[in-house]
Amino acid sequence: MKKIFPFIAKNILNPITIITAYSLCLIVTSYLIYLLSLLTGIETLFRVIIIIILILLLFIFLFIGFNIIKRKKIVLFSIYVLTIILFIIIEAVISYNINKMYNTINTISQKEIVYTTSLITLADSNIKTINDIKNIKIGIINDEDSIDGYIISQEIIEENQLAKNNTYNKYDSFILMISDLYEKKVDAIFVPGNYVSMFSDDELFQNIKNDTNIIITKEKRIKEQEKYQNTKITKPFTLLIMGIDDKSENINANANGDALMLITFNPKTLNATILSIPRDTLVPITCRNNYQTKITHASWYGEKCMVATIEKLIDINIDYYVKVNFKGVVKLVDVLGGIEVDVPMKFCEQNSDRQRGNKEICLDKGWQRLNGEEALALSRNRYDAPGGDIGRGLNQQLVLKAILNESKNINNINQFYDILEVIENNIATNFSTKQILSLYNIGKDIIKHSKSNNEPLAFQQLFLKTYGLSIYYPSSYRDLSMQAYYKGSLNDVIKAMKINLDLIDQEPIKTFTYSIKEPYEKKKIGEGPYYGESKIQLVPDFTSKDKEYALNWGLQHDIKITFETIQSDDPNYTNNQIIKQNMHSKSLLSRINKNEGIILTIVEKVETTNPNKVNCTLTENEENPVCFMPKFINEKISNVDDWLNSIVYNFIVTKEKVMTNNEEDHLVIFEQSVNESTKVKDMSAELIIKYYFYENNKEEPEEELEDETEINP
């Protein structure tokens with residue numbers, strides 16, 4: 001023993017050991033104090049007391065260490081070193097947990113957005129690599145502000161020198177561009193990287209993943225430009241929750257907004273309103289020049305476009321948004337250990353990977369505990385839900401409320417860490433980090449309130465009543481199913497939200513009646529009924545109507561109706577029958593050019609003057625020399641009439657005159673829309689002939705003074 005103590009005194013009881021231990025303690029404690037200072041809005045008084053205690057302990061450790069060095073007390077030295085080591089370990093554990101939580105919050109507070117663009121071809125195309133992109137037609141969105149539609153596409157073109165030997169077709173619509181790819185009008189197209197998630201719900205592109213091949217993909221990170229507020233959340237606010245149906249587990253810039261829930265929350269009253277907006281609701285998309293289409297398409301252009309579109313719809317500023325990947329819902333519910341939900345109907349739905357068969361999820365009606373896959377299936381299902389997409393929105397609200405209820409039962413740190421990991425990978429928001437931290441006090445009030453209530457929040461359910469429409473869209477050459485909202489329903493919903501936001505005062509209820517024989521059911525705001533409200537008007541199918549109907553319709557809707565007359569001897573036509581309209585039936589009236597109105601083509605019946613005409617519509621005559629398109633360039637317009645009078649054809653002929661100052665060019669054809677030697681049988685619906693007209697010439701027959709349109713089916 002006599003040798004041990006001198007050894008300790010010489011080798012361990014050393015000022016350097018104490019200084020090193022204290023220095024390490026000083027570093028760890030300073031880092032912990034820094035982390036505590038970041039948690040603004042969370043138990044401020046408690047954090048200040050803790051920081052003061054930590055600072056005092058540093059002074060105490062410094063004083064004791066100085067005395068141990070001065071007096072060389074071995075026993076005190078050992079206690080001192082062990083105490084500091086234990087203190088450092090405790091601080092390190094606390095610092096680790098605070099840092100992990102803060103970093104997760106800081107990650108979901110979206111300071112930058114990840115955009116991706118892919119160049120794709122059809123799977124059966126000969127184009128397999130970027131080196132095969134030569135002498136082909138490539139489709140690209142013409143919106144130069146679109147990051148993943150145009151900007152990144154241009155970068156790919158420049159980096160891979162694709163501008164040479166390739167031609168580019170510009171499009172206003174992704175749908176039209178994809179349709180042209182399928183029809184092989186273009187060989188490749190630029191689309192957002194998650195195009196499969198965006199377009200596979202469309203019945204025309206259900207197999208787009210297998211039908212296409214990705215040639216190259218480029219990613220670009222864009223810093224968020226808006227100014228993040230650092231103020232605490234103490235006033236009523238609006239929150240838009242966007243459920244993004246992305247098959248990956250990352251939050252991308254653009255995807256279908258399959259779930260849209262608008263929440264207003266009042267921190268003073270702890271009251272919340274919640275409105276589910278059907279994804280097929282017809283609205284003007286603000287970032288697309290107010291082009292009217294399904295609201296879910298606003299997500300194709302990013303969350304800012306979606307927020308601006310809904311703000312225009314409800315005339316209320318949206319303060320915050322949260323994007324939630326549907327894949328994350330599965331993991332979150334599973335981490336919580338499941339949720340209790342009263343499933344409103346029996347149904348079967350695809351799993352999270354869009355698989356059916358033995359992989360699909362089937363649930364019975366009634367109260368039950370759902371796992372993650374089952375909760376997602378309930379959130380996605382709309383074909384079995386009452387009201388279709390409207391019913392699906394209500395089911396999503398059930399899942400959200402159940403998740404909030406179950407979150408009260410988190411009782412261990414590992415479960416908390418698992419939840420943080422799910423949130424970090426599957427949620428993005430424009431809340432600043434400080435604003436998220438300031439929600440702590442609101443959460444504390446909610447938990448306190450929930451002790452005496454079954455639900456942590458008082459949700460007021462709002463309902464946007466809609467009706468179905470089938471609207472023709474020229475960008476996709478087909479009718480699309482839409483939901484148009486009742487204005488009265490929207491106004492009632494907006495009023496309820498503004499009341500909860502303290503923007504307007506609530507009107508007192510002056511009368512209230514009920515029957516003791518019937519259970520009381522709280523009326524859903526926005527459900528109606530709304531009698532007598534005019535609905536959205538569409539262009540009718542004039543080809544099933546007569547001229548008088550068209551004129552009366554035009555007067556009723558203040559729309560100009562213009563008639564173009566064509567002559568025909570077809571026995572299947574009647575005189576003044578409408579056979580063509582320049583605006584497709586079921587088009588929105590708002591798309592009609594007010595200056596042009598609607599142009600209708602009507603038939604003027606004529607008798608056949610030449611019984612010896614060759615019927616070029618018959619297969620037996622298709623090789624007849626007269627049944628091939630002649631070359632009319634530099635010929636007189638009368639040659640066209642002579643040819644047409646010699647055949648039977650099934651296309652419309654439009655003659656367009658162009659004024660000229662050269663008298664020699666009078667009535668000379670300079671352009672024809674169909675190439676020579678084209679079979680009449682194979683010609684499209686219209687032949688356009690353009691010829692010169694010399695204004696001072698009086699020799700042209702009177703009937704030639706106006707542009708003519710003819711048909712001879």
Side-chain angles (χ1 to χ4, degrees), residues 114-143 146-157 159-160 162-163 165-220 244-250 252-258 293-294 296-297 299-302 325-327 350-356 473 475-478 480:
V114 180
Y115 293 87
T116 56
T117 298
S118 295
L119 178 62
I120 66 171
T121 62
L122 291 177
D124 59 1
S125 169
N126 293 327
I127 303 169
K128 301 300 181 184
T129 68
I130 195 69
N131 295 325
D132 298 328
I133 307 295
K134 295 176 182 177
N135 301 316
I136 66 170
K137 292 181 180 179
I138 302 175
I140 186 172
I141 289 294
N142 65 5
D143 180 7
S146 174
I147 296 175
D148 52 2
Y150 184 86
I151 295 175
I152 303 179
S153 302
Q154 292 297 326
E155 293 179 1
I156 294 175
I157 292 171
E159 291 170 2
N160 296 277
L162 301 181
N165 304 321
N166 295 305
T167 58
Y168 291 87
N169 294 1
K170 294 187 176 181
Y171 293 86
D172 293 324
S173 161
F174 283 117
I175 294 291
L176 180 57
M177 186 165 62
I178 296 173
S179 296
D180 278 3
L181 178 67
Y182 271 79
E183 294 177 11
K184 299 186 178 180
K185 294 180 180 179
V186 290
D187 303 295
I189 59 175
F190 285 105
V191 291
N194 57 334
Y195 70 96
V196 173
S197 297
M198 292 172 65
F199 303 111
S200 59
D201 277 348
D202 192 303
E203 61 182 14
L204 293 181
F205 312 128
Q206 289 180 350
N207 298 317
I208 192 170
K209 180 178 180 180
N210 297 324
D211 292 341
T212 57
N213 179 46
I214 298 176
I215 301 300
I216 189 172
T217 295
K218 180 178 174 63
E219 180 181 288
K220 189 179 185 71
I244 304 301
D245 194 8
D246 190 351
K247 293 177 178 59
S248 67
E249 293 189 14
N250 296 313
N252 291 315
N254 303 335
N256 280 336
D258 273 7
T293 184
K294 299 180 181 184
T296 185
H297 292 174
S299 292
W300 295 359
Y301 308 100
N325 189 353
F326 272 174
K327 277 275 193 176
Q350 298 170 328
N351 66 4
S352 60
D353 294 321
R354 296 289 190 182
Q355 296 172 318
R356 285 200 179 273
Y473 275 82
S475 61
S476 56
Y477 306 119
R478 61 195 171 101
L480 297 180

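Predicted model only: the values in this text are computed from it and were never measured.
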Check your understanding: Taking N166 for the side chain and I136 for the main chain, is one N or O donor matched with an acceptor at less than 3.5 Å?
Key -> yes

Exercise for review: Mind listing the closest non-hydrogen atom pair of K218 and E159 along with its distance?
Suggested key: NZ-OE2, 3.1 Å

Point to revise | Derivation of the side-chain contact (heavy atoms from CB on, under 4.5 Å) call for F190 and Y168 | key: CA-CA 11 Å; F190 285 105; Y168 291 87; 4.3 Å; yes

Exercise for review: Kindly check if the number of other-residue, nucleotide or ligand heavy atoms within 6.0 Å of CG (N126) is above 12?
Suggested key: no

Point to revise | pair I216-I133: side-chain heavy atoms closer than 4.5 Å | key: no

Point to revise | Worked check of side-chain contact (heavy atoms from CB on, under 4.5 Å) between F199 and T212 | key: CA-CA 12 Å; F199 303 111; T212 57; over 6 Å; no

Review point. If you draw a 6.0 Å radius around NZ in K134, do more than 12 non-hydrogen atoms from other residues or ligands fall strictly inside?
Key: no

Review point. Which pair of non-hydrogen atoms, one from F205 and one from S179, has the smallest distance, and what is that distance?
Key: CZ-OG, 3.6 Å

Point to revise | Donor-acceptor pair, side chain of D132 and main chain of T129, under 3.5 angstrom | key: yes

**Study point:** Heavy-atom check, side chain of I152 versus side chain of I147, under 4.5 Å
**Key:** yes

Point to revise | Residue pair L181 / L122: nearest heavy atoms and the distance that separates them | key: O-CD1, 3.3 Å

Exercise for review: Check the pair K220, T117 against side-chain contact (heavy atoms from CB on, under 4.5 Å), reporting the backbone distance first and the verdict last.
Suggested key: CA-CA 9 Å; K220 189 179 185 71; T117 298; over 6 Å; no

Check your understanding: If you look at every heavy atom in Y473 and L480, which pair is closest and at what distance?
Key -> CD1-CD1, 3.8 Å

Review point. Can you check whether Y150 reaches I140 side chain to side chain, under 4.5 Å on heavy atoms?
Key: yes

Practice item. For residues Y171 and D180, determine if any side-chain heavy atom of one lies less than 4.5 Å from a side-chain heavy atom of the other. Key: yes

Practice item. Return the minimal non-hydrogen interatomic distance between D187 and I127, and the atom names on each side. Key: CB-CD1, 4.1 Å

**Study point:** Backbone of I120 reached by a side-chain donor or acceptor of S118 within 3.5 Å
**Key:** no

Check your understanding: Are side-chain heavy atoms of I138 and V186 found at a separation under 4.5 Å?
Key -> no

Exercise for review: Evaluate the criterion side-chain contact (heavy atoms from CB on, under 4.5 Å) for residue pair I214 and Y195; output intermediate values, then yes/no.
Suggested key: CA-CA 11 Å; I214 298 176; Y195 70 96; 3.6 Å; yes

Check your understanding: Heavy-atom distance under 4.5 Å between the side chains of I189 and I178, does that happen here?
Key -> yes

Check your understanding: So do N160 and L119 actually touch side chain to side chain, heavy atoms under 4.5 Å?
Key -> no

Revision key, fill the gap. Tightest non-hydrogen contact, residues K128 and N213, listed as O-ND2, 4.0 Å

Practice item. Give a yes or no answer on whether the side chain of N169 reaches the backbone of G139 with a donor-acceptor pair at less than 3.5 Å. Key: no

